[in-house]
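To keep things clear, I will list the structure first and then write my remarks on it.
Keep in mind that what you see is a predicted model, and the values were worked out from it rather than measured.
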Amino acid sequence: MEAILESLGLWGATKDDRTPENDEILKQLDGGSQLMVVNCFPPCPEPDLTLGMPPHSDYGFLTLLLQDDVEGLQIQYKGEWITVEPMQNSFVVNIGDHLEIFSNGRYKSVLHRVIVNPAKLRLSVALLHSLPFDYMVRPSPKLIDDANPRRYKDTDFATFLHYISTCEPKKKNFLESRKFT
Ligand SMILES: O=C(O)CCC(=O)C(=O)O
Ligand SMILES: [Fe+2]
C-alpha cells in the first residue's frame, strides 16, 4: 500500500510522509475488510453458451488472485478480451474500484470475466482487500486540482449494496454510477 501511495506522489517524495491523510488511509487499510473467495468453475460441454463469471470490476482496493493451471480469466483491454495466462506460484493483482476512486482515476480498476473450459474444472482463490465497510471512500484531496478535477462521488459499502440490489451487474457499472458526468 505504501508503494501505491508513493506511485501517486503521496508518499516517499519528502522526508515528512506522516501526514494525517497518509496515516489515515494506511490505518484504514490495515483495519479494512479482507475477504477470501474460492471459485469453482465446473467443465461445461458448451462453453460458448455461458460464462463462469460475468464482466465486473472488483469493489475493493486490491485483489490478489491465485489461479490454478486452467485458463479462464480474461481482462478487457482496448475493447478486446485478453486471456491472463496462469503462471505457477504467482498472484494476479487486480486494481479495484476503491483504488480508482482514491487515486481520482490515475489507477483504473480492471474489467474482467471468467470463461469456462469444455473439459477441465477450474479453481481460483481471490483475496479481496477493501477499506472498512463503513468507510467513505473519496479521491485523495492531493490528487484534485484545476487540471485534475474531482472525478468521483463519495461512496461506501451501503451505496454499493443498494446499487447491486437494484441493477444487474453486467459490466463495470457501479463505478460508472459514482463518476461525475
Ligand atoms: O476466477 C478468476 O480468475 C476470477 C475471479 C473473480 O474475478 C472474482 O472472484 O472476483
Ligand atoms: Fe473479480
Linking I/L/V/M/F/W/Y whenever their side-chain heavy atoms sit closer than 4.5 Å, directly or via other members, would [X] and [Y] fall into one cluster?
| X | Y | value |
| --- | --- | --- |
| Ile95 | Leu26 | yes |
| Val84 | Val110 | yes |
| Phe91 | Met36 | yes |
| Tyr107 | Leu128 | no |
| Val38 | Leu64 | yes |

Please report the interatomic distance [atom1]([X]) to [atom2]([Y]), rounded to the nearest 0.5 Å.
| X | Y | atom1 | atom2 | value |
| --- | --- | --- | --- | --- |
| Ile115 | Cys44 | CD1 | SG | 11.0 Å |
| Leu111 | Gln74 | CG | CD | 11.0 Å |
| Gln34 | Leu29 | CD | CG | 9.0 Å |
| Gln88 | Leu66 | CD | CG | 10.5 Å |
| His98 | Phe160 | NE2 | CZ | 8.5 Å |

Report yes if some heavy atom in the side chain of [X] is under 4.5 Å from a heavy atom in the side chain of [Y]; otherwise report no.
| X | Y | answer |
| --- | --- | --- |
| Arg178 | Tyr163 | no |
| Ser57 | Phe174 | no |
| Leu35 | Leu127 | no |
| Leu73 | Ser124 | no |
| Pro86 | Glu71 | yes |
| Val125 | Leu65 | no |
| Arg106 | Leu143 | yes |
| Pro47 | Leu51 | no |

side-chain contact (heavy atoms from CB on, under 4.5 Å) between Leu10 and Ser140, worked out: CA-CA 9 Å; Leu10 301 175; Ser140 164; 3.9 Å; yes
Intermediate values then yes/no, side chain to side chain donor-acceptor pair (under 3.5 Å), Tyr59 and Ser109: CA-CA 9 Å; Tyr59 170 72; Ser109 79; over 6 Å; no
Look at the side chain of [X] and the backbone N and O of [Y], then say whether any donor-acceptor pair between them is shorter than 3.5 Å.
| X | Y | value |
| --- | --- | --- |
| Asp68 | Leu123 | yes |
| Tyr135 | Ile25 | no |
| Arg113 | His56 | no |
| Arg151 | Pro139 | no |
| Ser103 | Glu100 | yes |

Intermediate values then yes/no, side-chain contact (heavy atoms from CB on, under 4.5 Å), Phe41 and Val114: CA-CA 9 Å; Phe41 305 97; Val114 180; 3.7 Å; yes
Donor-acceptor pair between Gln28 and Glu24 side chains, under 3.5 angstrom: yes
Between Asp58 and His112, a side-chain donor and acceptor under 3.5 Å: yes
Arg122 vs Gln67, side chain to side chain donor-acceptor pair (under 3.5 Å): CA-CA, chis, key distance, verdict: CA-CA 8 Å; Arg122 176 173 182 274; Gln67 312 188 70; 2.8 Å; yes
Audit row: Asp156, Asp134, side-chain contact (heavy atoms from CB on, under 4.5 Å) steps and yes/no: CA-CA 6 Å; Asp156 62 4; Asp134 57 354; over 6 Å; no
Closest non-hydrogen atom pair, [X] against [Y]:
| X | Y | value |
| --- | --- | --- |
| Gly31 | Pro132 | O-CG, 3.9 Å |
| Pro43 | Pro118 | CB-O, 3.9 Å |
| Ile4 | Ser7 | O-OG, 2.7 Å |
| Pro42 | Val116 | O-CG1, 4.4 Å |
| Lys153 | Ile101 | O-CG2, 4.4 Å |

Heavy atoms of other groups near [X] [atom1], more than 12 under 6.0 Å:
| X | atom1 | result |
| --- | --- | --- |
| Phe180 | CZ | yes |
| Lys27 | NZ | no |
| Lys142 | NZ | yes |

Output field: ring centroids Phe102/Tyr152 closer than 6.0 Å: no
Step-by-step side-chain contact (heavy atoms from CB on, under 4.5 Å) determination, Asp97 to Leu99: CA-CA 5 Å; Asp97 294 350; Leu99 181 50; over 6 Å; no
